[in-house]
Amino acid sequence: MRVHDTLTGSLVELPPVPGPIGMYVCGPTVYHRAHIGNARPFVVFSWLRNWLRETGYEVTFVHNVTDVNDRIYEAAPGRSAELAERATRWYFEDTGDLGLGMPDEMPLATQSMPEIVGLIEELVEFGHAYPVEGDVYFRVARFAAYGRLSGQRPDQVEEQEPNALKEDPRDFALWKATKPGEDTSWDSPWGRGRPGWHIECSAMAEKALGAEFEIHGGGLDLVFPHHENEIAQSQAVGRPFARIWMHNGMLELGGDEMHKSLGNDVSLRNVLDTWGREATLVFFLAGHWHGPIDFSDDVMTGATARAEGFREVFRGQSEPASSGAWERFAAALDDDFNTPAALAVIHEWRDHDLLRRALGIFGLDSLSYIDEAPEEVVALAARRQVARADRDFDEADRVRAAIEAAGWEVRDEAEGFRLVRLR
RNA sequence: GGCGCCGUGGCCGAGAGGUUAGGCAGAGGCCUGCAAAGCCUCGUACAGCGGUUCGAGUCCGCUCGGCGCCUCCA
């Protein structure tokens, strides 16, 4: 299998089965309820984990939560801990409702302080970082490979707000002295404070996966500075860190109207409540993980119809797939995890077992569950059969309307009828 | 100003030098008491302009457009 790697800008081959493959995927900074875009990395990398396991890899999927950060302090002055805890719970709930299971580990920054402080100490010790008035900054100039991931040249990076404490405007904070109004802080050799934005990931990734691991993932917006800085922090003190960098594309919202309402309308919670988890997953499946995707009502309507199309296959007779069917499906996924191409392959399938297995990788085996109509609806359908036999079609149509009012569609078949739940 | 992702038919979306992607929507047909489902048929599209080539969505250059990042966003 090969995947697109940001570092080299090309497709790189994964090690042979069974790996092992350590996969660290940046999770949310918890200061609000996740929106549908935040769900993309969770979905993409959960699926990737499933597929890698399906093909025989030993995978450890680590997905962190950054629960201490400037944004959280700003969003809830004096009560950041409370907000972080609540938003973390939301994230667990909302991503949990996607039905893709949990990552193997979901470390919290606030519970990784010894590792964070230890890593900073090491950076200071080797001259890659310097403490100033309770802050500690990373010395960018000392790390020669800085900018390799993002293609940023240090001298071209936009001028920063002047910060008298920094030796160089490009330096970034590893540790920040606690400020008035901040309700959380931890002890450190530099005094009470809390970690800067990037260091927590370097520390948590190493704690969970070791100094070297296979895949680091996250949104494309994290390439710079977040991931660039993670590499600098870890490699400056000799950790090889991640071999492959996978960045999922951004989710875009069509029309300006949606832009304005960026908020509850497009919260993952709301999307799940409005469209259901299956359509939401099909929506993500229909776009290549690496490219941008547009979120809109039209697209979700299409995804709903597509999900229903699969359900329809399971209502029919299973027919054996042609030889090589699974191989074609696997080939699509093995080539940069091309889910739209894989989706096209399985659309041709009428083989229930094979289709269920393929959909299962994406958490969509539920599409194979056929709903059974309640007794009273079955009774109505039976009554309609009698009316039809008597050629009383007015009555038959009336009963059908009643069945539809109850949320079911009746289909006449060669012998008898079939009831299909309306969605 | 710099760095990066992307631009395919009504819509979504694969493909990366030469033979049908696929889905959704739509039209016609078969079937049906009427339907639904299913099946059959129907769309020559690759932002624009140059160039390379026997041949270009596919390679090169430029332009236009969307999106992301530039040290508090997945």
Side-chain angles (χ1 to χ4, degrees), chain A residues 4 6 9 25-29 31-32 34-45 63 66 69-75 137-138 140 147 149-153 155-161 163 166 169-173 176 196-198 217-229 232 247-254 282-283 285-288 290-294 296 298-306 308-310 312-313 315-317 332 335 338-348 388 391-394 396-397 400 404 409-413 417-418 420 422:
Chain A
H4 182 88
T6 308
V25 178
C26 281
T29 296
Y31 63 102
H32 63 37
H35 59 75
I36 180 71
N38 293 313
R40 176 117 101 138
F42 182 91
V43 169
V44 165
F45 291 100
H63 192 231
T66 295
N69 182 290
D70 287 332
R71 292 216 161 190
I72 308 172
Y73 289 122
E74 275 167 29
Y137 294 95
F138 184 87
V140 169
L149 178 72
S150 60
Q152 295 283 346
R153 309 238 331 278
D155 53 304
Q156 310 237 85
V157 169
E158 204 172 45
E159 280 298 308
Q160 298 309 305
E161 289 286 308
N163 179 335
K166 292 184 185 179
R170 295 167 297 145
D171 292 349
F172 55 91
K176 297 185 180 188
W197 177 30
H198 321 291
L220 204 47
D221 55 341
L222 294 182
V223 174
F224 191 87
H226 189 55
H227 289 335
E228 193 71 70
N229 290 356
H247 294 283
N248 62 269
M250 296 290 99
L251 182 137
E252 297 175 11
L253 301 169
V282 171
F283 158 70
L285 206 52
H288 189 113
H290 192 237
I293 43 172
D294 258 301
S296 67
D298 279 358
V299 167
M300 289 307 292
T301 302
T304 303
R306 242 177 147 154
E308 196 56 30
F310 281 120
E312 197 60 46
V313 172
R315 291 187 190 113
Q317 282 295 307
D335 185 13
N338 192 334
T339 57
L343 195 56
V345 171
I346 66 175
H347 262 298
E348 297 164 11
R388 289 183 69 224
R391 306 197 62 78
D392 183 355
F393 297 121
D394 287 344
D397 290 346
R400 173 160 52 206
E404 276 169 18
E409 171 191 294
V410 62
R411 296 179 186 170
D412 297 326
E413 297 196 322
F417 54 85
R418 179 191 292 270
V420 174
L422 294 168

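Below, chains carry the letters A, B, ... as their sequence lines are ordered, and counting in each starts from 1.
Every ring pair (Phe, Tyr, Trp, His ring centres under 6.0 Å) that A:Phe283 has, sequence neighbours left out, goes to A:Phe295. Shown here are the salt bridge (Lys or Arg N to Asp or Glu O under 4.0 Å) partners of A:Arg388, two or more places apart in sequence or in another chain: A:Asp412. In this structure, A:Asp298 has no salt bridge (Lys or Arg N to Asp or Glu O under 4.0 Å) partners at least two apart in sequence or on a different chain. In terms of the salt bridge (Lys or Arg N to Asp or Glu O under 4.0 Å) criterion, A:Glu74 has no residue partners (sequence neighbours excluded). Shown here are the salt bridge (Lys or Arg N to Asp or Glu O under 4.0 Å) partners of A:Asp171, two or more places apart in sequence or in another chain: there are none. Checked against ring pair (Phe, Tyr, Trp, His ring centres under 6.0 Å), A:Tyr31 has no partners two or more places apart in sequence or in another chain. With sequence neighbours excluded, no residue satisfies ring pair (Phe, Tyr, Trp, His ring centres under 6.0 Å) with A:His32.
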Contacts table for residues 220-227 of chain A: side-chain donor-acceptor under 3.5 angstrom, sequence neighbours left out:
residue  : atom : partner  : partner atom : Å
A:His226 : ND1  : A:His198 : ND1          : 2.9
A:His226 : NE2  : A:Glu230 : OE2          : 2.9
A:His227 : ND1  : A:Glu230 : OE2          : 3.1

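Note on A:Glu74: a base of the nucleic acid sits closer than 4.0 angstrom, heavy atoms only. Nucleic acid contact class of A:His288 (heavy atoms, under 4.0 Å, all strands): sugar-phosphate only. Residue contacts shown for A:Gly217 are absent, as no nucleic acid heavy atom lies under 4.0 Å away. Contacts of A:His247 with the nucleic acid, taken as non-hydrogen atoms under 4.0 Å apart, are absent. As judged by a 4.0 angstrom heavy-atom cut-off over every strand, A:Gly218 is placed among residues touching the sugar-phosphate backbone only. Among the heavy atoms of the strands, none lies under 4.0 Å from A:Ile72.
Taking 4.0 Å as the cut-off between side-chain N and carboxylate O, A:Glu312 and A:Arg411 count as a salt-bridged pair.
The listed nucleotides are B:U71, B:C12, B:G15; the one nearest the side chain of A:Val299 is B:C12. Across B:C70, B:C73, B:C72, the shortest atom-to-atom separation from the side chain of A:Thr29 is found for B:C73. Considering only side-chain atoms of A:Met250, the nucleotide from B:U71, B:C72, B:C67 that sits closest is B:C67. Of the candidates B:C72, B:U71, B:C73, the closest approach to any side-chain atom of A:Lys176 belongs to B:C72. Checking B:C12, B:U71, B:C73 against the side-chain heavy atoms of A:His198 singles out B:U71 as nearest. Distances were taken from every side-chain heavy atom of A:Asn69 (C-beta onward) to each of B:G66, B:C73, B:C72; the shortest belongs to B:C72. In the set B:A14, B:G66, B:C69, B:G66 carries the atom at the smallest distance from any side-chain atom of A:Pro292.
Between A:His4 and A:Asn38, the one whose closest nucleotide on RNA chain B sits nearer the 5' end is A:His4.
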Sort me out a list of protein N/O and nucleotides 18-24 of chain B N/O pairs below 3.5 Å, or just none if empty.
residue : atom : partner  : partner atom : Å
B:G23   : O2'  : A:Arg306 : NE           : 3.0

N/O-N/O pairs, protein side and nucleotides 39-44 of chain B side, under 3.5 Å:
residue : atom : partner  : partner atom : Å
B:C39   : OP1  : A:Arg350 : NH1          : 3.3

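Atom CD of A:Gln317 has 12 or fewer heavy atoms from other residues, nucleotides or ligands within 6.0 Å.
A:His226 has no side-chain polar atom (N or O) that falls below the 4.0 Å cut-off from OP1 or OP2 of B:C69.
Protein atom CG of A:Asp298 is 7 Å distant from nucleotide atom C1' of B:C11, rounded to whole Å. Separating the NE2 atom of A:His290 from the C1' atom of B:A16 is a distance of 16 Å, rounded to the nearest angstrom. Going from atom CG of A:Leu251 over to atom C1' of B:C6 covers 14 Å, rounded to whole Å.
Using a 4.5 Å heavy-atom threshold, the side chains of A:Asp294 and A:Pro292 count as separate.
Spacing between B:U8 and B:G22 at atom C1', rounded to whole Å, works out to 14 Å. Comparing B:A56 with B:G61, their C1' atoms sit 15 Å apart, to the nearest whole Å.
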Where along nucleotides 28-37 of chain B does protein come under 4.0 Å, by heavy atom, of base (B) or sugar-phosphate alone (S), with - for untouched nucleotides?
-> -----BBBBS
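Base orientation for B:G48: anti, the chi torsion being more than 90° from 0.
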Could you check A:Phe393 against A:Arg391 for side-chain contact (heavy atoms from CB on, under 4.5 Å), going step by step and ending with a plain yes or no?
-> CA-CA 6 Å; A:Phe393 297 121; A:Arg391 306 197 62 78; 3.7 Å; yes
So what does the secondary structure string of RNA chain B come out as, 5' to 3', with Watson-Crick or wobble pairs under 3.5 angstrom, [ ] for crossing and | for pairs with another strand?
-> (((((((..(((.....[...))).(((((.......)))))....(((((..]....))))))))))))....
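For A:Thr339 (side chain) and A:Leu285 (main-chain N/O), a donor-acceptor pair under 3.5 Å exists by modelled atom type.
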